[in-house]
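Reviewing the structure listed below.
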Amino acid sequence: IVIGANTDSLYTRLMHLIGAPHLTTPHSSEYLHNHHRVKHQAVIEEAIAEWTSRRSVDEVERKLREAGVPVGRVVSVREIVDGGAEGEVEGERMGGVGEQVKARGAVREVWVPHANAESDVKNESANGWALKMPSTFPVLEGVDPAPRWAGPDLGTHTDEVLMGELLGLGEEEVRRLREGGIVG
């Protein structure tokens with residue numbers, strides 16, 4: 001989760017919620033404003049980590065919202081693409097963040113044929129695989145935003161990079177790198 005408690009009032013609410021009122025202004029002027037608190041960042045982060053680590057993400061999110069402290073869930077790429085990251089906020093079940101991504105067409109599948117595939121038939125075991133890629137934004141009327149190409153095969157430009165202007169290796173050096181398993 002990400003907690004947005006950088007103003008004085010939000011910080012005070014957060015510290016009271018997590019049972020650390022001793023880290024607020026009435027107890028010490030060292031916590032009066034943000035520029036004072038920066039000096040004690042490790043202590044503050046430790047108090048927050050202690051409190052959050054004993055609770056589920058759903059519980060932390062719910063309690064922070066109830067206290068009026070801005071909070072947001074951090075999700076993984078898998079949760080975004082595959083539709084995970086479901087939770088419960090304010091007693092209501094949330095749909096996965098992936099539902100929004102799917103509804104907007106923000107991730108599309110692109111067929112990636114193997115370099116030596118004999119056909120473009122979408123057969124994962126023989127000819128390639130489906131790759132999920134970000135779609136194109138903004139979406140313009142009359143323009144299909146679907147990606148048309150996943151890019152070159154792995155290793156397509158290896159010789160060009162190794163023997164080109166940037167690295168300038170010779171053919172013999174590249175051969176040794178390949179034999180040593182350093183490059184493909």
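All residue numbers in this chain count up from 1 along the given sequence.
- Atom-to-atom distance recorded for Leu131:CG and Arg108:CZ is 14.0 Å, nearest 0.5 angstrom.
- A single hydrophobic cluster is seen to contain both Val101 and Val77, as judged by linkage of ILVMFWY side chains at heavy-atom distances under 4.5 Å, directly or through other members.
- The salt bridge (Lys or Arg N to Asp or Glu O under 4.0 Å) pairs that include a residue from residues 175-184 are Asp159-Arg178, Glu172-Arg175, Glu172-Arg176, Arg175-Glu179, where partners are two or more places apart or lie in different chains.
- Using a 4.5 Å cut-off on side-chain heavy atoms (C-beta onward), Thr136 and Val143 make no contact.
- Criterion: ILVMFWY side-chain heavy atoms under 4.5 Å apart, direct or through other members. Under it, Trp51 and Val43 are part of a common hydrophobic cluster.
- Between Arg73 and Asp58 the shortest side-chain heavy-atom distance falls below 4.5 Å.
- What you find for Ala150 and Val112 is that their closest heavy atoms are CB-CG2, 3.4 Å.
- Each of His40, His22, His36 was evaluated against Tyr31; a single residue qualifies, His40, per the ring-ring contact (aromatic ring centres under 6.0 Å, His included) test.
- Taking the side chain as every heavy atom from C-beta outward, Leu64 and Leu14 approach each other to under 4.5 Å.
- Separating the OG1 atom in Thr12 from the CG atom in Leu17 is a distance of 12.5 Å, to the nearest 0.5 Å.
- Summarising the local packing, CZ of Arg55 is surrounded by more than 12 heavy atoms from other residues, nucleotides or ligands at distances under 6.0 Å.
- Here the closest non-hydrogen pair linking Arg13 and Ala67 is CD-O, 3.0 Å.
- In this structure, CG in Asn34 is found 9.5 Å from CD in Gln41, a value given to the nearest 0.5 Å.
- Connection of Leu167 to Leu177 is established within a shared hydrophobic cluster, with ILVMFWY side chains joined at heavy-atom distances below 4.5 Å, either directly or through further cluster members.
- Applying the salt bridge (Lys or Arg N to Asp or Glu O under 4.0 Å) test to every pair with at least one member in residues 36-53, sequence neighbours left out, gives these pairs: Asp8-Arg37, Glu50-Arg54.
- The shortest heavy-atom contact between Ala5 and Val69 is CB-CG1, 4.0 Å.
- A distance-only check finds a donor-acceptor pair linking the side chain of Ser135 to the backbone of Pro145 [under 3.5 Å].
- Put simply, Leu23 and Leu32 are part of two different groups of oily side chains (I, L, V, M, F, W, Y) that touch within less than 4.5 Å, one to the next.
- Atom-to-atom distance recorded for His33:NE2 and Thr25:OG1 is 7.0 Å, nearest 0.5 angstrom.
- By the criterion of side-chain heavy atoms lying less than 4.5 angstrom apart, applied directly or through intervening Ile, Leu, Val, Met, Phe, Trp or Tyr residues, Met163 is grouped together with Leu166 in one hydrophobic cluster.
- Side chain of Thr7 to backbone of Leu10: a donor-acceptor contact under 3.5 angstrom is found.
- Going from atom CD1 of Ile3 over to atom CD of Glu61 covers 10.5 Å, rounded to the nearest 0.5 Å.
- Put simply, the side chain of His16 reaches to within 4.5 Å of the side chain of Pro21, judged on heavy atoms.
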